[in-house]
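Written below as structure tokens is the structure these notes are about.
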Amino acid sequence: MKSINSLFKTIAVVILMMAPMVFQAKNHDVKGMAKHIDKVYIAASPEVLENKGNMVTVTIEAEFPPRYFHKKAVMNITPVLVYEDGETELPSMNFIGEKVSGDGVVVSKRHGGAYSYTITIPYEDEMYNSLLIVEPLVYKFKEVVHPNHQSIRDKAEFATANAFLVAEGVINTSNKIDKSALKTAYANPEIEHQVISDNGDIFFYVNSDAINWTVPLNKNTKNKNAVNDLTSHIMKGWNVESIEVNGWASPEGPMTYNKDLSGKRAQMTENFLKKRLSSLSAQKDSKVSYKNVNDIKFVTKGNGADWDGLMKAIENSNIKDKRTILNTLKNQTLEQRVAQLNKYIKQYPEFEKSILPSLRRSVVKVNTIEPQMTDVQITKTCTNNPQSLSCEQMMYAATLVKELKNKELIYLTAIETYPNNAEPYCNAGAVAIERGNTRHAKQLLNQAIEIDDLLAEAYNNLGVVAIYENNYDLAASLFNQAKKLGLNTSYNEGVVHINKGDYDKAIKLMTKNNPNCDYNVALAQTLDKRYTIAEETIKCLEENGKTLYLQAVIAMRTKDIEKSLKHLAKAVKKDSKLKKEAKNDMEFAYLQDNPDFIAIVE
């Protein structure tokens, strides 16, 4: 340790410059052990403690030289964590001589020895700026080995040896979670809608997957109009639910060839439709609902040979022997059918003239949602006469509003109008969280669950509130309940695991179905000592005080002092409140006497 913050520097000087011992013991050997405590090595690992999972773990090491430890002596080592408003006494360890009967670690007088023990205690916020001091008490064994300092002081004649300053402060980076990044969940309005389907077929030449408008069936007026009308409702601004494209081939060829050919026809048709839809969105007065054609859901499939279509076409044909043909084909294996069909093609011209061309096609189905009210109408009605809207429409209206204040007003109006519906309470709670009013959010969310105890979003949002209240155990339980009800809570669960100290699991959860470009992901990577990956994650984030500060921490941990100071200077320039934080942050313990660091934080 280089330097200790002001209050604790004073404490350390007072303790470490005390008289070598306080003689309350009469035994010369005990006095000698206390007097020569400087021959004993007592240390702690790590030298700067760290909060991990709200626990602080430290290993105390003691090494005694040969011919030091008297056979009837007991030395009690009790680490004490001292901080501004108090102290925490850690579990003791007794070292005992060879002729002592009782609990303790026996130390050989002849050989001495090296020993260690590990202690874990709950972290408290007061420990952030602290000193870990070990003050050995030595006494001659008389019937009982005392368990701790207090018992020794009350019941034994003892000598107090010089105190050891073995560790300084507690790193608390694990508590620098960005709670504003937690994922609130909104109950989606279920507005009943009617799906309107527009259908059309695009036909192909034999053995071809190229769209060619000279194909006779494509020139047919009825078919041509159907293809042109595929986008008629899209042009009116209706939302596109999906577009289905099914490619087919006539059955006379090999099965694998037909399967491949039908897939290519379907893909060519999808490409054609996307090109048309892109041109529609680019028009000056376009009303289409999509911004990017790739946002539209396409269900595209190649189905191979259309045997069912063939049978129907034969049934509807004027071939005089069609009944015989149908019965023959139905009772054959697939391989036999192909061979028999090729015989019929040569025998009956109708196959090549009308039946087979009608099967070489892509079948298109454009599914659009007929709006009951336009977004403009719903928004206007919500402003002028909100009570005339259904609960679902009011909640949908809230999704059209960007300002959180206005969203909240709509949800609260929905609560007033439909007090027995859980969803408005849930969504109003989500907005309250985002506006920083977690107390009000908690009330709303509890009301939502009272109405509907199966509303996953409400449990998730209560979990977010619990984290704001630092109740991570409750948060974990609530996220688990939301997950059981079908909601993706992986990111929020990952934040819980940062608090638990399980950083690897936190990273896996937060990056599951979520973007890696996230401050809390970078924090977990830093805590897990994946510094190179953490640096890459931070690079894609907005540069602000928080991200620059974390970069300074990473640089400090990787022993790049120049880089750490550079990031820290930029961080405090962005957010001056970080000066005080950095000044007391044990991540920068080794910079306490650095002039550049002092200039940054003063």
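- No donor-acceptor pair under 3.5 Å is formed between the side chain of Y549 and the backbone N or O of N544.
- Heavy-atom neighbours of R435 CZ from other residues, nucleotides or ligands within 6.0 Å: above the threshold of 12.
- The number of heavy-atom neighbours closer than 6.0 Å to NZ of K442, taken from other residues, nucleotides and ligands shown, is 12 or below.
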For this session: May I have the step-by-step check of side-chain hydrogen bond (donor to acceptor under 3.5 Å, both in side chains) for N172 and N175, ending in yes or no?
Result: CA-CA 6 Å; N172 194 31; N175 273 353; 3.2 Å; yes
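- Here F479 and Y472 keep their ring centres 6.0 angstrom or further from each other.
- No side-chain donor-acceptor contact under 3.5 Å links D560 and T558.
- Under 3.5 Å, the side chains of T118 and T59 contain a donor-acceptor pair of N or O atoms.
- Of the possible polar contacts, none joining the D585 side chain to the F588 backbone as a donor-acceptor pair under 3.5 Å is found.
- Remark: the Y83 side chain and the T88 side chain contain an N/O donor-acceptor pair separated by less than 3.5 Å.
- A donor-acceptor distance shorter than 3.5 angstrom exists from the side chain of T374 to the backbone of Q377, with no hydrogens or angles considered.
- Distance alone, capped at 3.5 Å, places no donor-acceptor pair between the K287 side chain and the K236 backbone.
- The only member of K483, K505, K500 that meets salt bridge (charged side-chain N to carboxylate O under 4.0 Å, His left out) when paired with E493 is K483.
- No donor-acceptor distance shorter than 3.5 angstrom exists from the side chain of N520 to the backbone of A522, with no hydrogens or angles considered.
- Considering CD1 of I554 and OG of S564, their distance stands at 10.0 Å, rounded to 0.5 Å.
- Using modelled atom types, no side-chain atom of S151 and backbone atom of N148 make a donor-acceptor pair closer than 3.5 Å.
- Remark: K512 fails to qualify as a cation-pi partner of Y491 under the 6.0 Å distance and 45° angle criteria applied to the six-membered ring.
- When atom types are taken as modelled, the side chain of T379 and the backbone of D375 share a donor-acceptor pair closer than 3.5 angstrom.
- Applying side chain to side chain contact (heavy atoms under 4.5 Å, CB included) to L548 and the options K570, K566, K573 leaves one that passes, K570.
- Of the possible polar contacts, one joining the N460 side chain to the K183 backbone as a donor-acceptor pair under 3.5 Å is found.
- Take K508 and apply the salt bridge (Lys or Arg N to Asp or Glu O under 4.0 Å) test, not counting sequence neighbours, and it matches D504.
- Of the candidates K297, H233, E241, E244, E244 is the only one forming a side-chain hydrogen bond (donor to acceptor under 3.5 Å, both in side chains) with N367.
- Under 4.0 Å is where a charged nitrogen must lie from a carboxylate oxygen, and between K539 and E536 at least one such pair does.
- Not one N or O on the side chain of E434 forms a donor-acceptor pair closer than 3.5 Å with the backbone of V431.
- The number of heavy-atom neighbours closer than 6.0 Å to NZ of K380, taken from other residues, nucleotides and ligands shown, is 12 or below.
- Under a 3.5 Å cut-off, the side chain of Y459 and the backbone N or O of D453 do form a donor-acceptor pair.
- For N385, the CG atom sits in a packed shell: over 12 heavy atoms of surrounding residues, nucleotides or ligands are nearer than 6.0 Å.
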